[in-house]
There are 2 protein chains.
Amino acid sequence: MIKLSRFADYAVVVLAELSRGDDLRLSASDLSLRCKLPEPTVAKILKSLTRAGVLSSTRGVNGGYGLTRRPEKITVADIITAMDGPISLTDCADSRSNCVLEGQCAMHGRWSKVNLAIRTALESVTLIDLMQTAPRAAMQPKVTAEEKSKTI
Amino acid sequence: MIKLSRFADYAVVVLAELSRGDDLRLSASDLSLRCKLPEPTVAKILKSLTRAGVLSSTRGVNGGYGLTRRPEKITVADIITAMDGPISLTDCADSRSNCVLEGQCAMHGRWSKVNLAIRTALESVTLIDLMQTAPRAAMQPKVTAEEKSKTI
DNA sequence: TTATACAGGATTTATATAGTCCTATTTTAG
DNA sequence: CTAAAATAGGACTATATAAATCCTGTATAA
């Protein structure tokens, strides 16, 4: 299905918040509050974005996350790749899951044109483009952070 | 997730078979045999493609399916739309599921650039393009038609 | 040296896809 | 006129994937 994963959508919201620039570094719990998204989920997203090199992290007291480059240099392709792995319409079939190189199996051969077209499309839109059209709301999670913390 | 649905992949295989042009019309069972895909699945795909106007159908004895236009006029976007519905990274959130018009809700506004870019990319590749790179094999279904028909 | 905050993995839960099957309708052949 | 062949459409079930949570470990600064 050609659908955005919920994580990728959340990631945009989180990155948009970090792009506002009022604070240089924000912790996972800060971002959870500001974006109104569940903290465990936000934490997971931040880790993925850090591993992908989109964010840098600082441990310890007053630690947190910050962008490694300016928002106009962060593309939708970067974000989706960070959250869901390489952008490819087909994850190579069955047993030969070590098929990473394109042009090696029939599937990749057949769909490589399409994959390239999609990647190019996603690389052409940046975080700035996404921020200009809308403020900061995301697909709502099934249970929000607030509801969850209302423990009797 | 930006992944092709299995149905969309199967559809390409089936359409490729119909594009060979040796026979004008082929039945669901014919296509199932030729493409080595389970018949119920093939039947379902053919129905969807017919409803979408990519195929025409004829009922009754000697009936079957045929292309409504030449393969170079059938785009990947046509096929994916037929199988999985409109190409949009976000199916509009929650309750307001009757939000069909873009620009009406924040989600669509935010992602409309990306949706457009992807649609354009998928419209630029035709069935002919897919056929030239690879012959006719698809992601394998978990249980193949042959195995299933080996009923003791 | 203790509290804070990130790192990474394991596990459960929910959702959406894939696959199958059943009944109705249409059409041609005999 | 009847029977067989073929599509139309929808309902149901199982399964795979994604989402969400939780737990343990490690680094850092006050």
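Chain A is the first sequence line, chain B the second, and so forth, proteins listed ahead of strands; every chain is numbered from 1.
Between the base of dA20(D) and the side chain of K44(A) there is a donor-acceptor pair shorter than 3.5 Å. Checked by distance alone, R59(B) brings no side-chain donor or acceptor within 3.5 Å of a matching partner on the base of dT28(C).
One finds no side-chain N or O of Y65(A) lying less than 4.0 angstrom from the OP1 or OP2 phosphate oxygen of dA5(C). Proximity of S57(B) to the phosphate of dA8(D): a side-chain N or O atom is located under 4.0 Å from OP1 or OP2. Under 4.0 angstrom from either OP1 or OP2 of dA6(D) there lies no side-chain N or O belonging to R25(B). For the OP1/OP2 pair of dT15(C) and a distance below 4.0 Å, the side-chain nitrogens and oxygens of R6(A) include no atom meeting the criterion. In this structure, T41(B) does not reach the dA18(C) phosphate: none of its side-chain N or O atoms is under 4.0 Å from OP1 or OP2. R51(B) has a side-chain polar atom (N or O) that falls below the 4.0 Å cut-off from OP1 or OP2 of dG9(D). Contact between the side-chain N/O atoms of Y10(A) and the OP1/OP2 oxygens of dA20(D) is found at a separation under 4.0 Å.
The CD1 atom of I45(A) sits 11 Å away from the P atom of dT21(D) (whole-angstrom rounding). The distance between atom CG of N62(A) and atom C1' of dA30(D), rounded to the nearest whole Å, is 9 Å. Between the CE atom of M1(B) and the C1' atom of dA16(D) there is a distance of 13 Å, rounded to whole Å. Atom-to-atom, CG of L89(A) to C1' of dT17(C) comes out at 16 Å; the value is rounded to the nearest Å. One can place CE of M83(A) at 13 Å from C1' of dA20(D), the figure rounded to the nearest angstrom. Between L46(B) atom CG and dG19(C) atom P there is a gap of 15 Å when expressed in whole angstrom units. For the pair K3(B) NZ and dA16(C) C1', the computed distance is 16 Å after rounding to whole Å. Atom CD1 of I80(B) is separated from atom P of dT17(C) by 13 Å (rounded to the nearest Å).
Of the possible polar contacts, one joining the N115(A) side chain to the L89(A) backbone as a donor-acceptor pair under 3.5 Å is found. With T50(B) contributing its side chain and S57(B) its backbone, the two residues share no donor-acceptor pair below 3.5 Å.
Within the 4.0 angstrom heavy-atom criterion, only backbone atoms of the sugar-phosphate kind lie near T50(A); the bases stay farther away. Among the protein residues, A28(B) comes within range of the sugar-phosphate backbone only, with heavy atoms under 4.0 Å from sugar or phosphate atoms but none that close to a base.
Electrostatic pairing of D78(B) and R69(B) counts as a salt bridge here, judged by a charged N lying under 4.0 Å from a carboxylate O.
Across all their heavy atoms, I45(B) and Y10(B) have their closest contact at CD1-CB, 3.3 Å.
Where F7(B) and K47(A) meet DNA chain C, the nucleotide closest to each residue was compared, and K47(A) sits on the side nearer the 5' end. When each of G60(A) and P40(A) is assigned the nucleotide of DNA chain D bearing its nearest heavy atom, the one mapping closer to the 5' terminus is P40(A).
For the pair R6(B) and T41(B), the minimum side-chain heavy-atom distance is 4.5 Å or more.
Distances from the side chain of P38(A) to the nucleotides dT21(D), dA4(D), dA19(D) place dT21(D) closest.
S56(B) and R25(B) share a side-chain donor-acceptor pair at under 3.5 Å.
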